[in-house]
Amino acid sequence: MSYVSDSSSLNKALRQQYLTLPQGHFCQVTYVWIDGSGEGLRNKTRTMDSEPKSIADLPEWNFDGSSTGQSKGHNSDMLLIPVCMFRDPFLLDPNKLVLCEVLKHTQEPAESNHRNRCNKVMEEVKDLHPWFGMEQEYTLLGVDGHPYGWPRLGFPKPQGPYYCSVGADRAFGRDVVECHYKACLYAGIKISGTNAEVMPSQWEFQVGPCEGIEMGDHLWMARFLLHRVCEDFGVVATLDPKPMTGDWNGTGCHINVSTVQMREQGGIEHIEKAIEKLSKRHAEHIRVYDPHGGEDNKRRLTGRHETSSIHDFSAGVANRGASIRIPRQVGQDKCGYFEDRRPAANCDPYAVTCVMAITCMLEEGEDAHELK
């Protein structure tokens with residue numbers, strides 16, 4: 001079996017004794033931000049004299065960017081700007097988790113801060129009421145990097161019995177999944193479901209529908225909660241798009257997209273127009289769909305294991321081997337949404353929703369944004 005961390009074996013009952021101590025009128029507020037890798041999350045906690053009721057009650061803060069890959073040591077202060085607040089499922093009410101944007105000392109967004117640009121684009125398309133839902137796949141590992149529940153030597157049985165499975169011989173790590181789900185609900189994250197995935201030790205949760213910038217806010221905080229829950233259980237959640245080479249499924253973060261026009265009667269026309277636009281910018285989107293300009297997705301988008309080829313754009317009704325899938329019900333109702341299956345598990349949801357809005361929701365000639 002995989003190795004779990006030493007800290008997970010500490011006395012949790014003893015910890016609970018301290019966590020239940022009264023804290024008077026004080027409130028613990030944990031600031032969470034994306035580090036310089038564009039994938040990692042960092043956090044630190046401060047005491048406030050009273051419970052904040054909104055973002056307006058939260059002060060800006062700072063941190064040492066030279067320790068997070070976001071600045072040089074000789075000028076290391078980076079600014080934390082609170083943007084979205086959640087209830088804290090670990091310290092409980094009245095304590096809070098706060099997602100932050102990172103700015104340089106010049107007030108410019110840090111290189112890994114894709115939220116700033118995304119928010120501006122979402123303002124431009126707000127009249128279309130863009131809804132997004134993202135399907136976050138991940139894989140559980142031991143701290144040794146070995147998939148949790150896999151035999152120490154050799155491999156588990158081939159894929160087939162693990163998707164939406166039940167049973168100790170095929171569903172590995174359900175405690176993590178269920179605790180994460182409850183933590184998200186408590187926090188106020190718009191989590192809409194979860195299931196075991198095709199590869200053993202691989203799971204998925206869905207966030208949405210969320211409108212505009214809310215998609216990135218809620219998915220990033222859901223990821224933070226996942227890593228914190230895994231920390232308590234002594235395992236690791238990896239968002240690597242292809243954690244195991246060979247005949248095993250990769251790990252994606254499919255995005256479901258709609259506008260008010262697509263959701264109305266006859267909306268299939270607008271869905272088809274959006275897909276046509278996407279077909280012309282396949283390469284540009286691939287560069288945005290993982291943090292390394294498409295290099296991570298090269299290992300995953302092979303045309304096998306329910307993926308399209310990274311080199312070709314395709315679309316189809318109920319086709320999980322296509323770049324874009326139109327759900328069968330949408331094809332029948334002639335309205336609804338479409339699913340882009342190309343984003344990698346470690347994508348930045350701000351970058352993905354931003355480029356999606358630029359391509360599909362801005363009119364020709366109105367698009368002054370470059371796809372990066």
Side-chain angles (χ1 to χ4, degrees), residues 29-35 37-43 55 82-92 95-101 112-115 118-119 122 131-141 173-197 201-233 235-241 251-257 289-291 339 343-354 356:
V29 180
T30 299
Y31 284 49
V32 179
W33 71 95
I34 303 162
D35 68 17
S37 71
E39 300 180 69
L41 288 160
R42 308 292 180 112
N43 68 103
I55 287 295
V83 293
C84 196
M85 184 167 67
F86 301 86
R87 297 169 70 196
D88 188 332
F90 307 106
L91 300 178
L92 306 183
N95 304 302
K96 306 297 181 185
L97 298 174
V98 179
L99 189 66
C100 300
E101 280 194 32
S112 59
N113 177 2
H114 297 292
R115 186 187 190 277
C118 180
N119 199 31
M122 292 305 166
W131 288 2
F132 304 101
M134 298 189 77
E135 305 169 26
Q136 178 67 70
E137 295 177 343
Y138 62 95
T139 305
L140 295 177
L141 309 175
R174 191 184 298 276
D175 285 347
V176 170
V177 175
E178 294 187 341
C179 290
H180 172 251
Y181 201 153
K182 287 282 192 177
C184 285
L185 291 173
Y186 183 93
I189 289 168
K190 291 186 175 180
I191 186 169
S192 52
T194 189
N195 58 269
E197 264 303 334
S201 304
Q202 184 187 65
W203 296 83
E204 175 187 298
F205 64 90
Q206 303 91 34
V207 174
C210 296
E211 186 162 334
I213 196 66
E214 186 180 58
M215 182 69 253
D217 292 345
H218 281 239
L219 185 56
W220 271 115
M221 188 54 75
R223 287 175 174 178
F224 175 78
L225 296 189
L226 176 64
H227 293 308
R228 273 289 284 107
V229 169
C230 284
E231 183 182 324
D232 283 344
F233 283 100
V235 297
V236 175
T238 178
L239 305 187
D240 187 285
T251 314
C253 191
H254 307 158
I255 180 169
N256 301 283
V257 182
Y289 283 1
D290 72 53
E339 176 192 36
N346 61 345
C347 70
D348 187 321
Y350 295 130
V352 173
T353 54
C354 181
M356 187 65 70

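Here, residue 1 is the first one in the sequence, and each next residue gets the next number. Predicted, not measured: the structure shown is a model, and the values here were computed from it.
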J.: Can you list everything that forms a salt bridge (charged side-chain N to carboxylate O under 4.0 Å, His left out) with Arg223? Sequence neighbours excluded, please.
T.: none
J.: Please report the interatomic distance CD(Glu135) to CD1(Ile255), rounded to the nearest 0.5 Å.
T.: 10.0 Å
J.: Are the side chains of Thr194 and Glu178 in touch, meaning some heavy atoms are under 4.5 Å apart?
T.: no
J.: Would you check, one step at a time, whether the test side-chain contact (heavy atoms from CB on, under 4.5 Å) holds for Asp35 with Ser112?
T.: CA-CA 7 Å; Asp35 68 17; Ser112 59; over 6 Å; no
J.: Under 3.5 Å, is there a donor-acceptor pair between the Tyr186 and Asp88 side chains?
T.: no
J.: What are the two closest heavy atoms between Pro209 and Trp131, and how far apart are they?
T.: CB-CE3, 4.3 Å
J.: Give the minimum heavy-atom separation between His180 and Leu225, together with the two atoms involved.
T.: CD2-C, 3.7 Å
J.: Is there a side-chain contact between Ile213 and Tyr350 in this structure, where contact means two heavy atoms from C-beta onward sitting under 4.5 Å apart?
T.: yes
J.: Under 3.5 Å, side chain of Ser192 to main-chain N/O of Gly208, donor-acceptor pair present?
T.: yes
J.: How close do Glu197 and Asn195 get, heavy atom to heavy atom, and via which atoms?
T.: OE2-ND2, 3.5 Å
J.: Of all the heavy-atom pairs spanning Val235 and Leu141, show the shortest one and how long it is.
T.: CB-O, 3.4 Å
J.: Enter the distance from Leu99:CG to Asn43:CG here, rounded to the nearest 0.5 Å.
T.: 11.5 Å
J.: Find the distance between CE (Met221) and CG (Leu97) and round it off to the nearest 0.5 Å.
T.: 5.0 Å
J.: Are side-chain heavy atoms of Val98 and Val32 found at a separation under 4.5 Å?
T.: no
J.: For Leu140 and Tyr138, work out which heavy atoms get closest and say how close.
T.: CD2-CE1, 3.8 Å
J.: Using a 4.5 Å cut-off on heavy atoms from C-beta on, say whether the side chain of Glu39 contacts that of Leu239.
T.: no
J.: What is the distance from atom CZ of Arg115 to atom CE of Met122, rounded to the nearest 0.5 Å?
T.: 10.5 Å
J.: Are the side chain of Asp232 and the backbone of Val229 linked by a donor-acceptor contact shorter than 3.5 Å?
T.: no
J.: Report yes if some heavy atom in the side chain of Cys184 is under 4.5 Å from a heavy atom in the side chain of Val207; otherwise report no.
T.: no
J.: Start with the C-alpha distance between Leu185 and Ile191, add both sets of side-chain angles, then the distance that settles side-chain contact (heavy atoms from CB on, under 4.5 Å), and finish with yes or no.
T.: CA-CA 7 Å; Leu185 291 173; Ile191 186 169; 3.8 Å; yes
J.: Would you say that Trp203 contacts Val176 through its side chain, given a criterion of any heavy-atom pair below 4.5 Å between the two side chains?
T.: no
J.: Run the numbers on Thr353 and Cys210 for side-chain contact (heavy atoms from CB on, under 4.5 Å), then give the verdict.
T.: CA-CA 11 Å; Thr353 54; Cys210 296; over 6 Å; no
J.: If you look at every heavy atom in Ile189 and Ala222, which pair is closest and at what distance?
T.: CD1-N, 3.6 Å
J.: What distance do Glu339 atom CD and His254 atom NE2 have between them, rounded to the nearest 0.5 Å?
T.: 6.0 Å
J.: Within this structure, what is the CD-SG distance for the pair Gln206 and Cys253, rounded to the nearest 0.5 Å?
T.: 10.5 Å
J.: Are a donor atom and an acceptor atom from the side chains of Asp348 and Trp220 found within less than 3.5 Å of each other?
T.: yes
J.: Step by step, work out the side-chain contact (heavy atoms from CB on, under 4.5 Å) result for Gln202 and Thr251.
T.: CA-CA 8 Å; Gln202 184 187 65; Thr251 314; 3.3 Å; yes
J.: Are Phe132 and Glu214 side-chain neighbours, meaning at least one heavy-atom pair lies under 4.5 Å?
T.: no
